[in-house]
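Data block below; observations after.
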Amino acid sequence: MDIRPTRTIAVANEKGGVGKTALVINLGAALALKEKSVLIIDMDPQFNATRGLGIDIGEGALTVYDIIMDEKTHIVDDAILKTAWKGLHLIPSHVDLVGADVELVGVEGRENRLKEALERVTIRYDFILIDTPPSLSLLTVNVLACAEEILIPCQTHPYSFDALDELFDTIEGIKAEINPGLSITGIVPTFFDKRTKVSHQVMEKLRKNDRYQNLLLDTTIRINTTIAESTAAGKPVIYYRSACHGSSDFVELAEEMINPG
Ligand SMILES: Nc1ncnc2c1ncn2[C@@H]1O[C@H](COP(=O)(O)OP(=O)(O)OP(=O)(O)O)[C@@H](O)[C@H]1O
Ligand SMILES: [Mg+2]
């Protein structure tokens, strides 16, 4: 029997547009290429991860909304879709998910709905990667309540750096109140542009900061328009154009995730 534990990783940052979804899609694909079994869960009502994996859910398809709202009727395995790429599966999102926040108000145990749903998945995965919306909504709280690890993409821009402090405080709060086992696996600098001074300045600040320096991963995701093109085309970048910075950066990140340090 295979007893390797599943690593459940939230990709979170309350700041918008810092590369969360690109990280989930492309790290997931790079891990799957290295023969890891990967489940991506799209917990963002914008459903960018779903679209970025080329999935257009049909009428009546189950989504993450169904499994967190109506946990008794649905078999979670039935919401898992195969993507076009071996080893890479997805629980899709839908715009309906935007209502979950309000619909769950007053429901006891509302922050543990995703956790309970995932306990009923019978397929074993090496990695579960969960994409989150750019806000600390109940959806994000559900993700942080069930994850063991958090990966934080930080855009190499001063605003993104400044927002990290608040994010770390939020994580401390979640650890204290909901999920003591949660730990930050790493900060991944994104949109790094070696031609710009600000990119280098932010990297320097990350390296020197007491709170962040030990969490800074070796891999940096460089700015690369092929990443944006591939997402728009509904493919992970490694399957869109294998020879580009974006592809090599995510392969390197996958290696670092598998063999840390
Ligand atoms: N390293 C990169 N280089 C160039 N473009 C990128 C890079 N990473 C992501 N992008 C593009 O930038 C845009 C924003 O990235 P992404 O959607 O991953 O951010 P996000 O944090 O998920 O945003 P949101 O907070 O809205 O969910 C997308 O069009 C994406 O394809
Ligand atoms: Mg996103």
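Both ligands and their constituent atoms are indexed starting at 1 by order of listing.
Surrounding CG of Asp56 are at most 12 heavy atoms belonging to other residues, nucleotides or ligands under 6.0 Å away. With a 6.0 Å radius and a threshold of 12 heavy atoms from other residues, nucleotides or ligands, Glu35 has its CD atom at or below the threshold.
When each atom of ligand 1 is checked for a heavy atom of Ile221 under 4.0 Å away, the hits are 1 (N). Counting atoms of ligand 1 from 1 in the listed order, those under 4.0 Å from a heavy atom of Thr231 are 31 (O). Taking every heavy atom of Ala228 and a limit of under 4.0 angstrom, the matching atoms of ligand 1 come to 31 (O). Close approach to Ile223 involves these atoms of ligand 1, each under 4.0 Å from a residue heavy atom: 1 (N), 3 (N), 4 (C). Close approach to Asp44 involves these atoms of ligand 1, each under 4.0 Å from a residue heavy atom: 27 (O). Shown in contact with Pro134 at under 4.0 Å from a heavy atom are these atoms of ligand 1, numbered in order with element: 25 (O). Atom numbering of ligand 1 starts at 1 in the shown order; those under 4.0 Å from a heavy atom of Ala22 are 8 (N), 9 (C), 18 (O). Atom numbering of ligand 1 starts at 1 in the shown order; those under 4.0 Å from a heavy atom of Gly17 are 19 (O), 20 (P), 21 (O), 23 (O), 24 (P), 25 (O), 26 (O).
At a threshold of 4.5 Å between non-hydrogen side-chain atoms, the residues Leu164 and Cys154 count as touching.
Using bins of under 30°, 30° to 60° and over 60° for the plane-to-plane angle, the ring pair His89/Tyr125 lands in the perpendicular bin. Ring pair Tyr239/Trp85 is parallel by interplanar angle, where below 30° counts as parallel and above 60° as perpendicular.
Checked by distance only, ligand 1 and Thr21 come closer than 3.5 Å through their nitrogen or oxygen atoms.
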Query - Stepwise side-chain contact (heavy atoms from CB on, under 4.5 Å) test for Asp165 and Tyr212 - result: CA-CA 9 Å; Asp165 230 23; Tyr212 313 138; 3.1 Å; yes
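A heavy-atom separation below 4.0 Å is found between Arg222 and ligand 1. Ligand 1 lies nowhere less than 4.0 angstrom from a heavy atom belonging to Thr190.
At a threshold of 2.8 Å, the Mg ion (ligand 2) has no backbone or side-chain N, O or S atom of Gln46 nearer than that distance.
Distance check for atom 6 (C) of ligand 1: a protein heavy atom is found below 4.0 Å.
The residue among Ile25, Asn48, Asn224 with a heavy atom at the shortest distance from atom 3 (N) of ligand 1 is Asn224. Evaluated by nearest non-hydrogen atom to atom 21 (O) of ligand 1, the leading choice among Lys20, Glu14, Gln46, Lys15 is Lys20.
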